[in-house]
Amino acid sequence: MAIGVKALPITFVAHAVAIVAAIMVLVWCLGFRGGLAWEDTNKNLIFNLHPVLMLIGLIIIGGEAIMSYKGLNLRKEVKKVIHLVLHAIALILGIIGIYAAFKYHNESAIVNLYSLHSWLGIAVISLYGIQWLYGFVIFFYPGGSTGLRSESLPWHVLFGLFVYILAVANAAIGFLEKLTFLENSGLAKYGSEALLVNFTAVITILYGAFVIFSVASQGPAEDDYNYSAI
């Protein structure tokens, strides 16, 4: 099923929105929150790795992986490799980003896994990993039979979109949670930082929407691995 709109212009807009989102989260963490660090006496710098890696990694690079089938006019074998590699990068950065949050909590004597955001985060990264492994085995190596790949494709796409939508939603919850903590600690509710965080969440959701629209749009010439198989 595809809407009567070409995918290419949608993906161009999505790329632009992704750049804006990446810049915004970097401005927040570098300009307002003091920077990034893996080891530091200021543990907040360790936490700052979390939103940067989750947004740029899991959300943006993961979204680019999804759009690769509709936004690239290449042979399906090439698109398959791009799709696989980008998702692998997104997954790795997501794992590091989640580890950074645990590291921050552990070194700051804060309990782990107490919020909905943390629960959904573990669920998302776990499902993302399962989805990647299944796709690798069935569609890449060693590869399933033609019948198995044909039957698996719609479910692979639907499950992947479900996980991605859940990731975007949880990113928005994460921005809300962190901003709430900051405001309870004295951050001005209508100050520039609060507005930046809220708008970053909005842009993140907007990017996710364009990724989903690209899946439902008309891509290049049909092949066995096009998302229009839904």
Side-chain angles (χ1 to χ4, degrees), residues 1-31 51-76 78-91 93-94 97 124 128 131-132 135 153-154 156-176 179 192 194-223 225-230:
M1 180 180 66
I3 60 177
V5 178
K6 295 294 184 181
L8 197 58
I10 295 178
T11 59
F12 282 161
V13 174
H15 299 329
V17 174
I19 293 172
V20 173
I23 291 173
M24 292 176 76
V25 75
L26 288 172
V27 168
W28 177 41
C29 291
L30 297 177
V52 170
L53 292 175
M54 300 311 291
L55 179 55
I56 294 178
L58 202 66
I59 303 299
I60 293 178
I61 297 179
E64 296 296 324
I66 292 174
M67 292 188 294
S68 63
Y69 271 113
K70 286 294 183 74
L72 298 175
N73 190 16
L74 302 170
R75 292 184 298 111
K76 68 180 182 182
V78 176
K79 291 191 288 186
K80 190 193 323 185
V81 172
I82 293 173
H83 180 77
L84 181 75
V85 171
L86 288 179
H87 271 312
I89 295 172
L91 178 61
L93 292 180
V124 166
Y128 204 110
Q131 170 81 344
W132 189 89
L153 179 59
H156 179 69
V157 174
L158 287 173
F159 186 72
L161 291 178
F162 165 73
V163 174
Y164 186 73
I165 291 170
L166 188 61
V168 172
N170 199 40
I173 293 174
F175 283 119
L176 172 62
L179 182 57
S192 55
L195 292 174
L196 175 62
V197 175
N198 278 331
F199 276 113
T200 303
V202 171
I203 293 298
T204 299
I205 295 170
L206 186 62
Y207 174 72
F210 277 109
V211 171
I212 302 303
F213 289 155
S214 75
V215 174
S217 62
Q218 297 177 354
E222 298 294 314
D223 57 49
Y225 294 93
N226 199 295
Y227 276 152
S228 62
I230 290 180

CA sep, side-chain torsions, deciding dist, call: His87, Ile66, side-chain contact (heavy atoms from CB on, under 4.5 Å): CA-CA 8 Å; His87 271 312; Ile66 292 174; 3.9 Å; yes
Test side-chain contact (heavy atoms from CB on, under 4.5 Å) applied to Val17 and Val13, step by step: CA-CA 6 Å; Val17 174; Val13 174; 4.2 Å; yes
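Going from atom CD1 of Ile59 over to atom CG of Asn170 covers 8.5 Å, rounded to the nearest 0.5 Å. For the atom pair CG of Leu58 and CD1 of Ile89, the computed distance is 13.0 Å after rounding to the nearest 0.5 Å. Going from atom CD1 of Ile19 over to atom CD1 of Ile60 covers 9.0 Å, rounded to the nearest 0.5 Å. One distance of note links CG of Leu55 with CG of Leu93; it measures 11.5 Å at 0.5 Å rounding. Between Leu196 atom CG and Leu179 atom CG the span is 10.0 Å, to the nearest 0.5 Å. Between Tyr69 atom OH and Lys80 atom NZ the span is 6.5 Å, to the nearest 0.5 Å.
Nearest heavy atoms, Ala7 versus Lys70: CB-O, 3.5 Å. Contact detail for Phe210 and Ala14: the closest heavy-atom pair is CB-CB, 3.8 Å. The minimum heavy-atom distance between Gly71 and Leu8, with the atom names listed, is O-CD1, 3.5 Å. In this structure, Ala18 and Glu64 approach most closely via the heavy-atom pair CB-OE2, 4.2 Å.
Between Met67 and Leu72 there is no side-chain heavy-atom pair separated by less than 4.5 Å. A heavy-atom distance below 4.5 Å is found between the side chains of Phe159 and Val163. For the pair Leu84 and Trp132, the minimum side-chain heavy-atom distance is below 4.5 Å. Residues Leu74 and Ile82 meet the side-chain proximity criterion, which asks for heavy atoms closer than 4.5 Å.
Applying the 6.0 Å contact sphere to CZ of Phe213 captures no more than 12 heavy atoms from other residues, nucleotides or ligands.
The aromatic rings of His156 and His83 lie perpendicular to each other, with more than 60° between the two planes, well past the 30° mark.
The backbone N or O of His15 lies less than 3.5 Å from no partner atom in the side chain of Tyr207, so there is not a single donor-acceptor pair.
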